Amino acid sequence: MGKRIGMEVAIAAAEAVALCRIDMAAVYPITPQSHIAEHLSDIVHNGQIDAEFLTVESEHSAMSACVGASAAGARVYTATSSQGLILMHEILPIASAMRLPIVMGVCNRAVSGPLNIWNDHSDIMHVRECGWIQLFAENGQEVIDMTIQAFKMAEHPEVMLPALVNIDGFQLTHMIEPMEMPSQEEVDKFLPERKPFAYLHPDKPVSMGCFNMPDIFMETMKAKDMALRNSKKTIIKVWKDWAEIFGREYQPVETYKMKDAEVAIVTMGSMGETASVAVDEMRKAKMKVGLVKIKLWRPFPEEEFKAAVKGCKTIAIMDRAVSFGGVNGPVAAEIKSLFYHEQERPKIVDFIMGLGGRDVRVEDFISMAERAKKKKEDTFEFLGVRE
Amino acid sequence: MSIVQNFEVFVPKLIEKREFFSPGHRACQGCGEVVALRLVLKALGENAIISNATGCMEIISSAYPHTAWMHPYIHVAFENTAAVASGVEAALKALRRKGKISDRYVKSVGVAGDGGTADIGLQALSGAVERGHDMIFVCLDNEAYMNTGIQRSSQTPFMASTTTSPAGKVIPGQRTEKKNMPEIMVAHRALYVATACPSYPIDLINKVKKAKNTAGPSYLHILSVCPTGWRSPSNETMKLGRLAVETGIFPLYEVEKGKYRITWEVGKRRPVEDYLKIQGRFRHLTPEHIKQIQEKVDREYELLLNKVKYSKSWA
Ligand SMILES: Cc1ncc(C[n+]2csc(CCOP(=O)(O)OP(=O)(O)O)c2C)c(N)n1
Ligand code: SF4
Ligand SMILES: [Mg+2]
């Protein structure tokens, strides 16, 4: 049985990593990820797990060391934020092309400039196309659970792709929450030892990372895309296995009070909790508003999202990153293209909000839903900016 | 004639007979870098994992679905080879300790060009050596970014003409001198540091073996003649390597725990002109330029001799 705990979420994330019996971690500190780095080093230095802990000199090297170690057959973990994620950007698509099941915690923080250490989703949106499985955690419990689940998803022989868990910086990382920490026996039962398809060793030499000429590159890209798309089946299966052992259920898209909703608010990450309070308030005021929370951002759960908003006339999207000079924010772009071919498509209203730690209150979600409802057509606006 | 007859008897005692780099790769005719690589791999033997930087040796050896590598091999990117190799080393350590792989000592080896080592790769290399990984890092120095078309690097010699340090009307080629990588590695307290050149194969092999037997970080800086980039005749590669050593431009030495030692005494050094004049990259030099180069080489050589004389092992 797991144990009820009250713990800072970043510390809990590190504890979850330890339960996965990693062989190596390579981490470079950055706010708000630092507590993961620090606690992981405590865990290794105190002999709680038998692993190598690499205090690399940069995030670029953190990801590079993870690639090397994962290619040699190890179970590896890293975590970062914002500038660190962008510094390692170059290596992320290489890790996925090499089909290495690295797991990473991304403690979401705004991207400079100007420098800002607080929470939004601009970091992950910068590396959206990296070919990794991308999950969004809503609370501390989901951070623990998804971190453990990510290893199983990534290492599954039908997937073999790296996976990252988005953890809102401060909003989640620095919160002390009541959570259930699974026991080692439970995790061992859920997560088998990694069995690499091939690994670097003179016992059976292989070459990894050979370059592609134009005659094969397209095929490689399609294969990678298919692998990521197909991973959805396994991801859902892993969540079923999880529910059986731990009793907590996960879905690619979660809904709240969506049954008869005319307006759907769409969120990713920790803001889902505030939004659900707003939905309750609006329901009290007889507004037919529901909430759709995207938990799986890559591969994008197309059918699940469509099913979640079926019959709904207005979709109000919370985008926490700017696509500068683009048509709208990244989440809206995804959802608009999803509905382009539909006969009966909902009105899609995009709100850029909560950038760089700007508070998003219950009232903001209420105003967002009201504004979206009144709109005649698709629009895009910044919400809560002082003019 | 008699040496050739007895080749099969004597040479395998000095040089591993097996090949670890297969023929059919795409290196240019007379490429010194690939000769250096072949010798390094022979000296390593089979118990090694190679992490390789983007660059000539990667491009000529690994066009999917082909590979020239008999060792376990990984290429990830240009600047991160030392970090990749440090990850490999950490994994080998952890997995072997935990009984997840066979109980066999395997060396992690990073291989990069001069750009992948001394310029864009320097941060990752500095980090890996500082962390003390049990690994060898091999710099195959052909004195420019050859893979991308002969652009200058921090290892391009003074006044050499490259595509980004051209011999112009106002500026006669490269304006800087070679950054001293071996010295930088000694400053990191790398346990074993050495220079080598494939024109001296036994010396090179001995150094690789020493590095392999060093439990901790070691660094090999190997001068590799590149006929394409140096604009030298492709049948003069071995000779050019020898001239680099005999002129004192590229002395062969090793540094064991801080103690410098010349491994190939040259006696009276030849004038640098002997080396410069057979290379197109130095074609534009005037006698005055050559004199300047000679002075710099003399100065550097003196500095090295001083280190040999005064350095002490920290062991
Ligand atoms: C981040 C990055 N910048 C630039 C390049 C382009 N590039 C590839 S190889 C190379 C030069 C390689 O030079 P060196 O390391 O000396 O190896 P050589 O080809 O000379 O053996 C460059 C500039 C790259 N691949 N990645
Ligand atoms: S360009 Fe130079 S280093 Fe590269 S393969 Fe050709 S000869 Fe060798
Ligand atoms: Mg070079």
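Throughout, a chain's letter reflects where its sequence line sits, starting with A, and its residues are numbered from 1. What you are looking at is a predicted structure, and each value in this text was computed from that prediction instead of being measured.
- Both the backbone and the side chain of A:L200 come within contact range of chain B, each with at least one heavy atom under 4.5 Å from a heavy atom of that chain.
- Put simply, CE on A:M208 and OG on B:S62 are 13.5 Å apart, with the number rounded to the nearest 0.5 Å.
- Of the atoms belonging to A:Y199, it is side-chain heavy atoms, and not backbone ones, that fall under 4.5 Å from chain B.
- Heavy atoms of other residues, nucleotides or ligands lying less than 6.0 angstrom from CZ of B:R18 number more than 12.
- Contact of B:S102 with chain A is made through backbone and side chain together, with heavy-atom distances under 4.5 Å.
- A:H201 touches chain B through backbone and side chain together, each having a heavy atom under 4.5 Å away.
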Practice task
Verify side chain to side chain contact (heavy atoms under 4.5 Å, CB included) between B:L95 and A:D23, making sure each step is shown before the conclusion.
Solution key: CA-CA 7 Å; B:L95 295 175; A:D23 301 304; 3.6 Å; yes
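- Within 6.0 Å of NZ on B:K179 lie more than 12 heavy atoms contributed by other residues, nucleotides or ligands.
- No side-chain heavy atom of B:I101 sits under 4.5 Å from any side-chain heavy atom of A:D203.
- No more than 12 heavy-atom neighbours from other residues, nucleotides or ligands sit within 6.0 angstrom of CZ on B:R38.
- Contact of B:I74 with chain A is made through backbone and side chain together, with heavy-atom distances under 4.5 Å.
- Residues B:E89 and A:E52 have side chains not in contact (no heavy-atom distance under 4.5 Å, counting atoms from C-beta outward).
- For the pair B:R104 and A:P202, the minimum side-chain heavy-atom distance is below 4.5 Å.
- By number of non-hydrogen pairs under 4.5 angstrom with chain A, the leading residue of B:E46, B:H71, B:H66, B:Q123 is B:Q123.
- Residue A:L100: no heavy atom, backbone or side chain, is found under 4.5 Å from chain B.
- Atom SG of A:C210 and atom OH of B:Y73 lie 6.5 Å apart (nearest 0.5 Å).
- Once rounded to the nearest 0.5 Å, the distance linking CE of A:M24 with CG of B:L92 reads 12.0 Å.
- Looking at B:V106, only its side chain comes within 4.5 Å of chain A, counting heavy atoms on both sides.
- Using a 4.5 Å cut-off between heavy atoms, B:E130 does not touch chain A at all.
- The number of heavy atoms from other shown groups lying within 6.0 Å of CZ (A:F211) is above 12.
- Residue A:M98 touches chain B through its side chain alone, counting heavy-atom pairs closer than 4.5 Å.
- In this structure the side chain of A:S61 never reaches within 4.5 angstrom of the side chain of B:N80, judged on heavy atoms.
- For B:K98 (side chain) and A:D50 (main-chain N/O), a donor-acceptor pair under 3.5 Å exists by modelled atom type.
- Interface remark: A:V206 contributes backbone atoms only to the contact with chain B (heavy atom separation under 4.5 Å).
- The local environment of CD in A:E158 is sparse, with at most 12 non-hydrogen atoms from other residues, nucleotides or ligands closer than 6.0 Å.
- Contact tally against chain A (heavy-atom pairs below 4.5 Å) for B:M70, B:E79, B:K93: the top residue is B:E79.
- Ranked by heavy-atom pairs under 4.5 Å with chain A, the list B:I59, B:T67, B:N47 is led by B:I59.
- When A:A72, A:S207, A:A74, A:A62 are compared by the number of non-hydrogen pairs under 4.5 Å with chain B, A:S207 comes out ahead.
- Interface residue B:H133: only side-chain heavy atoms are found under 4.5 Å from chain A.
- With a 6.0 Å radius and a threshold of 12 heavy atoms from other residues, nucleotides or ligands, B:Y64 has its OH atom at or below the threshold.
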